[in-house]
Amino acid sequence: MGNSCGKYRLRYLFILFAVALLPGCSYNLAQWEGRHRDELIKKWGPPIEERVRPAGGKRLVVTYISANLYSSSTCYMVFDTDTQDIVRSTFSIDC
């Protein structure tokens with residue numbers, strides 16, 4: 001009858017490999033709203049840019065590089081804080 005177990009194992013490995021190649025910058029940035037800037041830095045590292053906003057607070061830009069076997073891309077995650085360094089809004093670019 002052949003080796004049907006090996007055939008299914010090969011198919012399973014192919015699916016796992018295909019999923020591993022998908023780009024991976026799909027984060028729910030809204031979960032950071034209401035949290036302190038220090039928590040953000042603890043998770044993502046220091047921002048590549050931090051500016052004081054005219055209305056008060058700061059704008060922090062954090063990058064995440066998503067890579068697979070064929071390509072890589074840079075995701076820019078932007079966090080706006082209030083004067084107490086609490087994240088109040090977020091958005092992303094190229095994620």
Side-chain angles (χ1 to χ4, degrees):
M1 253 251 222
N3 188 357
S4 64
C5 183
K7 183 171 103 175
Y8 290 111
R9 188 176 304 149
L10 184 60
R11 188 176 302 166
Y12 178 73
L13 287 173
F14 175 78
I15 291 170
L16 283 176
F17 182 75
V19 169
L21 294 178
L22 294 174
C25 187
S26 59
Y27 296 103
N28 178 11
L29 295 182
Q31 71 180 338
W32 290 99
E33 293 177 16
R35 295 170 73 179
H36 196 273
R37 166 191 180 278
D38 292 346
E39 291 181 64
L40 182 74
I41 291 172
K42 187 176 181 181
K43 168 69 177 169
W44 297 106
I48 63 163
E49 184 176 327
E50 185 170 353
R51 291 187 183 182
V52 175
R53 298 175 61 220
K58 297 174 185 164
R59 173 165 284 180
L60 293 84
V61 180
V62 178
T63 59
Y64 173 80
I65 298 174
S66 174
N68 60 39
L69 292 175
Y70 301 107
S71 67
S72 66
S73 63
T74 303
C75 170
Y76 297 90
M77 298 175 287
V78 182
F79 303 88
D80 290 334
T81 68
D82 62 16
T83 56
Q84 275 71 48
D85 285 336
I86 302 298
V87 176
R88 294 299 173 201
S89 64
T90 63
F91 66 93
S92 62
I93 302 168
D94 294 336
C95 293

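Model, not experiment: these values are computed from the prediction.
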Can you name the closest pair of heavy atoms from [X] and [Y] and give their distance?
| X | Y | answer |
| --- | --- | --- |
| F79 | L29 | CZ-CD2, 4.0 Å |
| S72 | I65 | CB-CG2, 4.4 Å |
| E33 | T90 | OE2-OG1, 3.6 Å |
| L60 | P47 | CD2-CG, 3.8 Å |

For this session: Please assess M77 against W32 for the test side-chain contact (heavy atoms from CB on, under 4.5 Å), listing each intermediate value before the final yes or no.
Result: CA-CA 11 Å; M77 298 175 287; W32 290 99; over 6 Å; no
So, taking the atom named [atom1] in [X] and the one named [atom2] in [Y], what distance separates them when rounded to the nearest 0.5 Å?
| X | Y | atom1 | atom2 | value |
| --- | --- | --- | --- | --- |
| R35 | K42 | CZ | NZ | 10.5 Å |
| D85 | K58 | CG | NZ | 4.5 Å |
| T81 | R88 | OG1 | CZ | 9.0 Å |
| R51 | R59 | CZ | CZ | 9.0 Å |
| D80 | I86 | CG | CD1 | 13.5 Å |

Exercise. Does the side-chain contact (heavy atoms from CB on, under 4.5 Å) test come out yes or no for R37 and E50, once each step is laid out?
Worked result: CA-CA 11 Å; R37 166 191 180 278; E50 185 170 353; 3.0 Å; yes
